[in-house]
Amino acid sequence: MDELLLLNGPNLGILGRREPRIYGTATLDDIEKSVTAEVAARGWRVTAFQSDAESELIGVLQDSYDTVGAILNPGALMIAGWNLRDALANFPRPWIEVHLSNVWAREQFRHESVLAPLASGFVAGLGALGYRLAARALLEISAA
């Protein structure tokens, strides 16, 4: 069975309770279940991990080179996660950056991701649906 990595960064462990008007009411568990449903027909298994520590995300990423790919919501690490960026530059599989909110409709400091230039794709502003769309895209990319 192939494994899809689902990584979530700082402050995303409290989804469902964190500013629901911005981030919605879906929890990380809800998101993991929806991504699992999206990739189940291909026989992919989802391995989910969330941490508020950049170093832990890097460790999981570096231990996951044998996955089919990754969906990553780095949270605010998109702005200054240079260590995570270096780890992603070496990640040998396709990955998609996801953000629940439309980062360009928010504060100016959220308008640029240091990670996005390395990503296979970028989804923002579609709430929890963005994760399913990222999973769908990875299914297509992996089929090619």
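Side-chain N or O atoms of Ser142 include none that pairs as donor or acceptor with a backbone N or O of Leu139 at under 3.5 Å.
Between Ala137 and Ile96, the closest heavy-atom pair is CB-CD1, 3.5 Å. When all heavy atoms are compared, the tightest approach of Ala53 to Ser51 is N-OG, 2.9 Å. Looking at every heavy atom in both residues, Val35 comes nearest to Leu4 through CG1-CD2, 3.9 Å. Looking at every heavy atom in both residues, Arg132 comes nearest to Ser34 through CG-OG, 3.6 Å. Between Arg17 and Gly13, the shortest heavy-atom contact is NH2-O, 4.5 Å. What you find for Pro74 and Val98 is that their closest heavy atoms are CD-O, 4.0 Å.
Separation of atoms CG (Leu12) and CG (Leu100) is listed at 6.5 Å; rounding is to 0.5 Å. In this structure, the separation between OG1 on Thr25 and CG on Leu15 is 10.0 Å, given to the nearest 0.5 Å. Going from atom CG of Leu129 over to atom CD1 of Ile31 covers 10.5 Å, rounded to the nearest 0.5 Å. The distance from atom CG of Leu138 to atom CD of Glu38, rounded to the nearest 0.5 Å, is 10.5 Å.
Under a 4.5 Å side-chain heavy-atom cut-off, the cluster of Ile, Leu, Val, Met, Phe, Trp and Tyr residues that includes Val60 is completed by Leu5, Leu7, Phe49, Leu57, Ile58, Leu61, Tyr65, Leu72, Leu77, Trp82, Leu84, Leu88, Phe91, Trp95, Val114, Leu115, Leu118.
Annotation: side chain of His99 is in contact with side chain of Phe122 (closest heavy-atom distance under 4.5 Å). Looking at heavy atoms from C-beta onward, Asp2 lies out of side-chain contact with Thr67 at the 4.5 angstrom threshold. Counting heavy atoms from C-beta on, the side chains of Glu54 and Pro10 never come closer than 4.5 Å. The shortest side-chain heavy-atom distance between Ser55 and Asn83 does not fall under the 4.5 Å cut-off. Taking the side chain as every heavy atom from C-beta outward, Asn11 and Arg18 approach each other to under 4.5 Å. A heavy-atom distance below 4.5 Å is not found between the side chains of Ile71 and Glu97.
Between Glu3 and Ser64, the side chains place no donor N or O within less than 3.5 Å of an acceptor N or O (distance only, hydrogens not considered). At a cut-off of 3.5 Å, with distance as the only test, no side-chain donor of Asp30 or Tyr131 sits close to an acceptor on the other residue.
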Leu6/Glu32 under side-chain contact (heavy atoms from CB on, under 4.5 Å): CA gap, chis, key distance, verdict
CA-CA 8 Å; Leu6 177 60; Glu32 181 180 349; 4.2 Å; yes

